[in-house]
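What follows is a set of notes on a single structure, which appears directly below.
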There are 2 protein chains.
Amino acid sequence: MTLDFNDKQIRILQVAEKLFAEKGFDGTSIRNISKEAKINIAMVSYYFGSKEKMLESLIIFRTSDLKMQLENLLKEALAPLEKINKLIELYVARINKNKGIYQILHFELSSKKRQTNIKSFTEVKKRNLESLKQIIHEGQENGDFAKDINVLLIPPTILGTFFHFQMNRPYYEEALGLKTDESFDSYVHNDLTKHIQKTIKALLIYEK
Amino acid sequence: MTLDFNDKQIRILQVAEKLFAEKGFDGTSIRNISKEAKINIAMVSYYFGSKEKMLESLIIFRTSDLKMQLENLLKEALAPLEKINKLIELYVARINKNKGIYQILHFELSSKKRQTNIKSFTEVKKRNLESLKQIIHEGQENGDFAKDINVLLIPPTILGTFFHFQMNRPYYEEALGLKTDESFDSYVHNDLTKHIQKTIKALLIYEK
DNA sequence: AATAAAATTAAACAAACGTTTGAATTAAAC
DNA sequence: GTTTAATTCAAACGTTTGTTTAATTTTATT
């Protein structure tokens with residue numbers, strides 16, 4: 001449960017992250033990881049105990065600093081809509097940067113096989129929702145936002161839009177002519193982020 | 001490539017669909033399927049050739065009638081916004097009804113392991129986008145919709161929102177107190193569908 | 001009723017899986 | 001420099017994997 005991984009452990013986790021994201025947890029063998037990380041197959045059990053525990057370590061390794069980032073955002077002196085926009089920007093940038101682990105979480109989360117690994121992640125989600133509620137309430141108080149907003153359905157729209165784009169990357173790469181990693185990342189950071197911000201803004205200020 | 005599956009084949013596909021959706025393609029063994037479907041393990045190879053080819057058969061079996069449904073919608077004499085709302089309703093209901101196969105597609109789509117199975121599905125997506133473009137153009141012509149709409153980013157918002165909700169089902173079940181399958185389905189058909197419709201409407205009529 | 005075709009079965013196949021072992025090597029502590 | 005601990009390794013462990021085989025049973029055809 002600790003965070004003090006040594007250099008070799010981190011290298012193993014990075015390779016595991018890449019392969020799990022590409023081929024899934026069950027689709028990746030310890031031998032795959034060992035080969036790519038250039039280590040002996042026994043090292044995974046030696047360092048992490050088991051393949052399953054390695055996944056747990058990976059989740060902890062990658063999601064430990066999200067909490068802090070969000071709390072800092074809440075403290076800032078900004079208008080509610082500005083905060084929402086910054087929150088979206090933060091989420092998209094962060095998930096885009098760590099797309100590997102989020103793809104894994106996305107996958108393993110919906111799988112009935114591994115429920116144990118994700119309890120700590122559920123806590124993160126609950127805390128994030130409370131933050132969002134607070135911001136939106138603020139915006140409703142000062143008349144910026146509409147009254148009839150189902151806050152619980154905002155995160156699925158933000159995250160869902162982004163994930164769906166990310167998971168269908170090959171399709172959008174072709175459709176938008178984004179041949180390089182740079183151009184794809186640039187599109188995500190600019191166009192897609194703005195689209196999500198625009199969507200949420202329209203939703204928040206829209207009165208039926 | 002044909003669609004004439006006999007009763008036994010269909011039963012096998014139904015069990016496979018359920019297990020693949022629950023545990024993933026790699027997480028499900030032919031023995032798992034055989035046991036649940038109460039057949040001999042050799043029957044999968046006998047009927048479909050291989051596990052991989054069975055997945056192909058399953059995709060064909062479940063996605064063959066989507067095309068027709070969409071074409072019928074386009075023909076209807078409705079205002080653009082009405083068509084959009086119906087399209088959202090159709091998508092949500094359809095995917096919710098066949099959540100198994102769409103969950104499988106969602107995963108295998110983003111996996112680098114099985115690219116061959118999904119080519120026909122890409123074609124479906126392209127055709128659907130053209131339909132959407134047509135409807136939105138119609139709405140822009142008669143002044144209902146804003147001019148600066150990136151049509152390509154609409155489907156990720158519709159499908160992404162829905163999928164994210166579906167993939168985090170345990171979380172939303174708890175948060176919304178949806179204890180039975182019926183109450184969950186009801187929430188999807190009513191509240192979630194309306195949320196997506198509202199979101200897309202706000203986005204389409206919103207002028208920056 | 002005899003024959004041919006289709007369906008089902010248990011058993012076996014080689015290959016790959018996660019994990020453990022015990023010896024060999026390297027690093028740290030004294 | 002010796003001893004102790006940590007790391008690395010090849011090899012083997014017992015399971016499980018997807019697939020094939022060959023014999024048997026069921027169904028259909030004549």
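In what follows, chains carry the letters A, B, and so on, assigned in the order in which the sequence lines appear, proteins first and then strands, with residues in each chain numbered from 1.
Asn6(A) has its CG atom 15 Å from the C1' atom of dA28(C), to the nearest Å. Across the protein-nucleic acid pair, Phe48(B) atom CZ and dA7(C) atom P stand 12 Å apart, rounded to whole Å. Regarding Arg31(A), its CZ atom lies at a distance of 14 Å from the P atom of dA15(C), rounded to whole Å. Ile39(A) has its CD1 atom 12 Å from the C1' atom of dC9(D), to the nearest Å. Put simply, OH on Tyr46(B) is 4 Å from P on dA7(C), counting in whole angstrom units. Counting to the nearest Å, the P atom of dG18(C) and the CG atom of Leu55(A) are 13 Å from each other. The interatomic distance linking Ile30(A) (CD1) with dA16(C) (C1') rounds to 12 Å, in whole Å. Rounded to whole Å, atom C1' of dA16(C) lies 13 Å from atom NZ of Lys51(B).
Looking at heavy atoms from C-beta onward, Lys86(A) lies in side-chain contact with Glu76(A) at the 4.5 angstrom threshold. Side-chain contact check for Lys23(A) versus Asn32(A): some heavy-atom pair is nearer than 4.5 Å.
Closest-nucleotide positions on DNA chain C for Tyr47(B) and Ile41(B) were compared, and the one nearer the 5' end corresponds to Tyr47(B). Of the two residues near DNA chain C, Lys38(B) and Asn32(A), the one whose nearest nucleotide lies more 5' is Lys38(B).
Using a 3.5 Å distance cut-off with no hydrogens or angles, the side chains of Thr180(B) and Ser183(B) do pair a donor with an acceptor.
Residue Ser34(A) is classed as having no contact, given no heavy-atom separation below 4.0 Å to the nucleic acid. Among the protein residues, Ser45(B) comes within range of the nucleic acid bases, having at least one heavy atom under 4.0 Å from a base atom.
In this structure, dA29(C) forms a base pair with dT2(D), meeting either the Watson-Crick or the G-U wobble geometry with both donor-acceptor distances under 3.5 Å.
You'll find that the side chain of Ala42(B) is closest to dT21(D), out of dT21(D), dT7(D), dC17(C).
A donor N or O paired with an acceptor N or O is found under 3.5 Å between the base of dA10(D) and the side-chain atoms of Asn40(A).
By the neighbour-count criterion of 12 heavy atoms within 6.0 Å, atom NZ of Lys51(B) is densely surrounded, having more than that number from other residues, nucleotides or ligands.
A salt bridge does not link Asp191(A) to Lys198(A): none of the charged nitrogens lies less than 4.0 Å from a carboxylate oxygen.
Contact annotation: Ser29(A) side-chain N/O to dC17(C) OP1/OP2 distance is under 4.0 Å.
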